[in-house]
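Quick notes on the structure that follows.
Counting begins at 1 with the first residue of the sequence. All figures in this text were calculated on a predicted structure; none of them were measured in a lab.
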Amino acid sequence: MEAAASFEATPAIFLAVTDALRASISRLRPEIIVHEVAAPSRLAPFAFALAGGVAGDAADSAAGRLIVLMDPDGQPAWQGTTRIVCYARASVDPEIAADPLLADVAWSWLRESLDGHGATVRALGGTVTTTASRRFGVLRTEGDTQDVELRCSWSPDWAQTASDDEGAAAVDGDQIPGARHARPAWSCAAAAAHLLAFGDLLAAMAGLPPTLSGVLPLPLSQRRA
């Protein structure tokens, strides 16, 4: 675990969430390989990062990172103290890259993966970008490439990390008496849902058969067929 330099004691909820994420790596589908990496140190006082990709013959077809940020003081844009940042990239064939609906489809993979695992979120936002690279000289034999990239972030909708009064709660999940529309309490399963959704997002972008109903995968690039 990497955290930004800070004199603050690491929040108990941050330690609990990161421990839950480490423990849930083994629950990912076998084609998805995830490991812990150094986290960015300037985005928040506390940060934790995982990098993932696809194993086997499709190893170069999709990859990404999942980062958990925590600022005990909270940030207005986060609507709380915790933010999850996700980056995923996949190589696609030229005809797929030219499809005007590709961005909408890629965004739907994220939404459906989160919904499929019951990962409740708020303040979700992001971008989908399609890029084309043409190689020249000695690199020409490697061929041109087209990629689709998804960059997004969201706040987990947990009572312990919400900024509004109705979402306030202790780390152990006890709700404030009389709180209106109380948010769900954090749990190990709730944290794992975000990692499992990340794994299914990578799988869909790599063109692997879906395990969630309604998530349609991207056809694998013919270059790796």
Side-chain angles (χ1 to χ4, degrees), residues 1-55 63-75 77-88 110 113-124 152-164 167-176 182-203 211-212:
M1 177 181 63
E2 292 286 338
S6 173
F7 294 105
E8 298 180 74
T10 304
I13 182 66
F14 180 78
L15 293 174
V17 168
T18 54
D19 285 347
L21 290 175
R22 291 189 186 96
S24 61
I25 289 176
S26 61
R27 296 176 53 193
L28 291 165
R29 56 187 294 172
E31 303 96 330
I32 303 300
I33 304 299
V34 169
H35 61 280
E36 191 171 340
V37 295
S41 60
R42 298 181 179 180
L43 299 179
F46 302 95
F48 173 82
L50 296 169
V54 182
R65 290 198 176 197
L66 191 73
I67 303 171
V68 178
L69 305 174
M70 180 166 287
D71 183 346
D73 293 331
Q75 296 192 19
W78 296 3
Q79 299 179 13
T81 62
T82 305
R83 192 74 173 167
I84 295 178
V85 179
C86 174
Y87 165 77
L110 172 67
S113 295
L114 290 168
D115 292 344
H117 286 286
T120 56
V121 305
R122 63 183 186 277
L124 171 64
C152 58
S153 63
W154 62 84
S155 298
D157 199 21
W158 301 331
Q160 294 90 337
T161 60
S163 59
D164 54 301
V171 171
D172 62 6
D174 293 336
Q175 300 291 332
I176 291 178
R183 299 183 187 278
W186 172 88
S187 68
C188 291
H194 295 268
L195 177 58
L196 297 176
F198 172 66
D200 281 343
L201 170 64
L202 291 181
T211 58
L212 293 177

Rounded distance (nearest 0.5 Å) linking atom [atom1] of [X] with atom [atom2] of [Y]:
| X | Y | atom1 | atom2 | value |
| --- | --- | --- | --- | --- |
| Trp186 | Asp157 | CH2 | CG | 15.5 Å |
| Cys86 | Ile67 | SG | CD1 | 9.0 Å |
| Leu196 | Leu114 | CG | CG | 11.0 Å |
| Ile25 | Ile32 | CD1 | CD1 | 12.5 Å |

Assess whether side-chain contact (heavy atoms from CB on, under 4.5 Å) is satisfied between Ile13 and Met70, documenting all intermediate values.
CA-CA 9 Å; Ile13 182 66; Met70 180 166 287; 3.5 Å; yes
Quick one, [X] and [Y] - any side-chain contact, counting heavy atoms below 4.5 Å?
| X | Y | result |
| --- | --- | --- |
| Trp78 | Leu69 | yes |
| Phe48 | Glu36 | yes |
| Leu43 | Val85 | no |

How close do [X] and [Y] get, heavy atom to heavy atom, and via which atoms?
| X | Y | answer |
| --- | --- | --- |
| Ala193 | Gly118 | CB-C, 4.4 Å |
| Trp158 | Ala191 | CZ2-CA, 3.8 Å |
| Phe46 | Ala9 | CZ-O, 3.7 Å |
| Leu195 | Leu28 | O-CD2, 3.7 Å |
| Gly52 | Val34 | CA-CG2, 3.9 Å |
| Ala77 | Arg83 | O-NH1, 4.3 Å |

Not counting sequence neighbours, which residues clear side chain to side chain contact (heavy atoms under 4.5 Å, CB included) with [X]? List them please.
| X | value |
| --- | --- |
| Ile84 | Leu66, Val68, Trp154, Pro156, His194 |
| Ala189 | Ser187 |
| Ile33 | Ala55 |

Residues in side chain to side chain donor-acceptor pair (under 3.5 Å) contact with Ser24, at least two apart in sequence or another chain
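Side chain to side chain donor-acceptor pair (under 3.5 Å) list for Ser24, sorted by chain: empty.
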All side chain to side chain donor-acceptor pair (under 3.5 Å) counterparts of Thr81, not counting sequence neighbours
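Not a single residue meets the side chain to side chain donor-acceptor pair (under 3.5 Å) criterion with Thr81.
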Output yes when a side-chain donor or acceptor of Arg122 lies under 3.5 Å from a complementary backbone atom of Gln79, and no otherwise.
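Present.
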Polar side-chain atom of Arg29 near backbone of Gly199 as donor-acceptor pair, under 3.5 Å:
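Judged by distance alone, no pair lies under 3.5 Å.
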Return the set of residues passing salt bridge (charged side-chain N to carboxylate O under 4.0 Å, His left out) with Asp115 (not counting sequence neighbours), or none when no residue passes.
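Expected list: none.
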